[in-house]
Amino acid sequence: MKISGTGSVLPKKIVTNDMLSEFLDTSDEWIYPRTGVRSRHVISDERLEDMAIEASKKALADAGINASDLDYIICSNVVNEYITPQLSCIIQGGIGATCPCIDINCACAGFIYALQIAESFYRSGFVKNVLIVSAEEPTRMTDWTDRRTCVLFGDGAGAAVLTPGDNIKGFSMSAASATDKLYQIRTLQPTPYITKEEKDVPLQMKGQDVFKFAVKASSSDITKLLKNNSLEASDVDYILLHQANKRIINTIREFLDQPMEKFPVNIEDHGNSSSSCCPILLDECNRKGLFKEGDKVVLCAFGAGFVSGAVLLEW
Ligand code: COA
């Protein structure tokens, strides 16, 4: 398969670090050097599904195919207002597609996992055109009185349309269960029979543990990916890393010993929009005309679970 079109949508509300410091004990002086984030796009009156539909339509237009030509939709999402139906089915109706659709929740690594699932569909031979859409609203998961978490995130939707080709050169995926490091719990409806104690817990994060996992997992995923393809880091043109923290990006860049120009970033004015980070960044690079045909591009992300993954593709 190959990526033939991309699209993305951000919420209109922009929240700066200075705006956060109006109601939180924080500051731009703390947030920016520690994370690389100066502002983020935050959902206000938008609905996530509408953003996902718009991002999908943009990706379809970029690929030059109709929604009716799609054979599958994979939506990567951690949380949205619906428990059911799945977001992919809402998107399917919104864009006017009729194909099967499935949601996956692989936290911030969701776009890479969705690509790997799509690749296996192509290898099975039953799809021609696939839409992957990552739609995330992590700002609805955090406690906005908790300065350790809410300052990191932003919302958004990013999509990619896949068509036949041999541009995907390989994946390297990993998972290491560490469910106490990054999690959110929400209560379900009570029943007359529930006797266990249950409570809503907003997003909890052991920041330094997540930082260490992120660097280790992504460095190892990329190293394995390059080795499997008999490549050196210097052979790769661009590495698009999950936009969680500029210091994480820099640490991985130093490990790979590659120049900053190879690492496009948008974290400064986007923050971490979970699995939407990768396709939003991909779309921004694509629309700027950054990639030339034949460029070797690595996408790499990590997230709660922990899960992580990297993919090598030829543009
Ligand atoms: N503003 C001001 N002070 C803050 C703050 C904020 N927004 N957030 C935390 N602090 C304070 C802490 O309370 C702590 O104060 P104390 O020493 O008085 O207790 C101090 O800053 C240091 O906190 P610490 O958590 O050790 O900071 P850190 O250097 O590890 O940076 C993160 C915190 C969250 C930025 C960093 O750990 C990180 O980015 N981790 C990875 C997170 C991530 O990627 N999550 C998403 C994964 S998909």
Side-chain angles (χ1 to χ4, degrees), residues 15-40 42 76-79 104-114 134-156 158 173-184 202-219 221 240-253 263 265-268 270-281 299-310:
V15 177
T16 64
N17 292 344
D18 289 340
M19 287 161 75
L20 294 178
S21 61
E22 287 167 17
F23 61 91
L24 270 178
D25 180 14
T26 191
S27 62
D28 184 56
E29 290 69 35
W30 194 95
I31 300 170
Y32 184 65
R34 285 269 208 325
T35 67
V37 183
R38 277 210 198 279
S39 63
R40 69 287 288 145
V42 173
S76 153
N77 167 259
V78 176
V79 82
I104 63 164
N105 175 351
C106 296
C108 303
F111 185 70
I112 316 286
Y113 275 77
S134 298
E136 303 279 14
E137 45 186 339
T139 67
R140 306 301 304 279
M141 299 170 67
T142 55
D143 169 358
W144 279 73
T145 64
D146 178 6
R147 65 181 184 175
R148 292 166 307 151
T149 52
C150 72
V151 304
L152 302 172
F153 297 97
D155 304 316
M173 318 295 282
S174 62
S177 184
T179 51
D180 63 327
K181 309 289 188 206
L182 186 54
Y183 67 94
Q184 181 193 2
L203 193 78
Q204 303 294 304
M205 186 179 70
K206 295 188 175 147
Q208 291 186 7
D209 290 340
V210 178
F211 194 110
K212 283 180 205 146
F213 165 78
V215 170
K216 201 168 148 214
S218 294
S219 303
D221 287 339
L240 276 59
L241 296 177
H242 178 44
Q243 304 288 296
N245 185 318
K246 188 77 183 294
R247 288 190 295 137
I248 294 177
I249 296 170
N250 268 332
T251 311
I252 299 168
R253 184 186 70 75
F263 294 78
V265 285
N266 62 14
I267 184 168
E268 183 161 332
H270 287 43
N272 177 353
S273 58
S274 188
S275 74
S276 299
C277 279
C278 271
I280 291 173
L281 184 59
L299 300 178
C300 178
F302 53 84
F306 293 127
V307 291
S308 72

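Whatever order the structure lists ligands and atoms in, that order sets their numbers, starting from 1. Only this structure's heavy atoms are used, side chains among them; waters, hydrogens and symmetry mates stay out.
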Item to check | Test applied, side-chain hydrogen bond (donor to acceptor under 3.5 Å, both in side chains); reference residue, N17; option that passes from E29, R38, R40 | outcome: R40
Checklist entry - Any idea which protein heavy atom is nearest atom 11 (C) of ligand 1, and the distance to it? => result R147 NH2, 3.6 Å
Next on the checklist: Distance under 4.0 Å to a non-hydrogen atom of N272: what atoms of ligand 1 satisfy this?
Outcome noted: 46 (C), 48 (S)
Checklist entry - Considering only heavy atoms of A244, which atoms of ligand 1 have at least one such atom less than 4.0 Å away? => result 44 (O)
Checklist outcome for this item: Distance col, row N105:CG vs Y113:OH, nearest 0.5 angstrom, shows 12.0 Å
Next on the checklist: Side chains of Q204 and P202, heavy atoms from C-beta outward: is any pair under 4.5 Å?
Outcome noted: yes
Checklist entry - If you measure from CZ on F23 to OG1 on T145, what distance do you get to the nearest 0.5 Å? => result 9.5 Å
Next on the checklist: Closer than 4.0 Å to some heavy atom of R247 - which atoms of ligand 1 meet that?
Outcome noted: 29 (O), 31 (O)
Item to check | Heavy-atom side-chain contact between N272 and C277 under 4.5 Å | outcome: yes
Checklist entry - How are the rings of H242 and F302 set relative to one another: parallel (under 30°), tilted (30 to 60°) or perpendicular (over 60°)? => result perpendicular
Checklist outcome for this item: side-chain contact (heavy atoms from CB on, under 4.5 Å) with V151: of T142, V37, L24, only one passes, and it is L24
Item to check | Identity and distance of the protein heavy atom lying nearest atom 39 (O) of ligand 1 | outcome: N245 ND2, 2.7 Å
Checklist entry - Going by heavy atoms, is I248 under 4.0 Å from ligand 1? => result yes
Checklist entry - Protein heavy atoms: any of them under 4.0 Å from atom 6 (C) of ligand 1? => result yes
Checklist outcome for this item: Rounding to 0.5 Å, atoms CG (L152) and OG1 (T139) come to a distance of 12.5 Å
Checklist outcome for this item: If you scan protein heavy atoms around atom 26 (O) of ligand 1, the nearest is Q208 NE2, 2.7 Å
Checklist entry - So, the side chain of D28 versus the backbone of D18: is there a donor-acceptor pair under 3.5 Å, distance only? => result no
Checklist entry - Got the closest protein heavy atom to atom 47 (C) of ligand 1, with its distance? => result V210 CG1, 3.6 Å
Checklist entry - Is T35 in polar range of ligand 1, meaning some N or O pair under 3.5 Å apart? => result no
Checklist entry - Among all protein non-hydrogen atoms, which one is nearest to atom 48 (S) of ligand 1, and what is the separation to 0.1 Å? => result C108 SG, 3.2 Å
Next on the checklist: I need the nearest protein heavy-atom contact for atom 29 (O) of ligand 1: residue, atom name and distance, please.
Outcome noted: R34 NE, 3.0 Å
Item to check | Heavy atom of protein closer than 4.0 angstrom to atom 19 (O) of ligand 1 | outcome: no
Item to check | Test item, T149 contacting ligand 1 (heavy atom, 4.0 angstrom) | outcome: no
Checklist outcome for this item: The protein heavy atom nearest to atom 34 (C) of ligand 1 is M205 CE, 3.7 Å
Next on the checklist: Is there a polar contact, in the sense of an N or O pair closer than 3.5 Å, between H242 and ligand 1?
Outcome noted: no
Item to check | Residue pair F306, K181: steps toward the side-chain contact (heavy atoms from CB on, under 4.5 Å) verdict | outcome: CA-CA 8 Å; F306 293 127; K181 309 289 188 206; 3.4 Å; yes
Item to check | Main-chain N/O of V78 paired to E136 side chain as donor or acceptor, under 3.5 Å | outcome: yes
Checklist outcome for this item: Ranked by distance from atom 2 (C) of ligand 1, the top protein heavy atom is W30 CG, 3.4 Å
Checklist outcome for this item: Under 4.0 Å from one or more heavy atoms of D25, ligand 1 contributes atoms 1 (N), 2 (C)
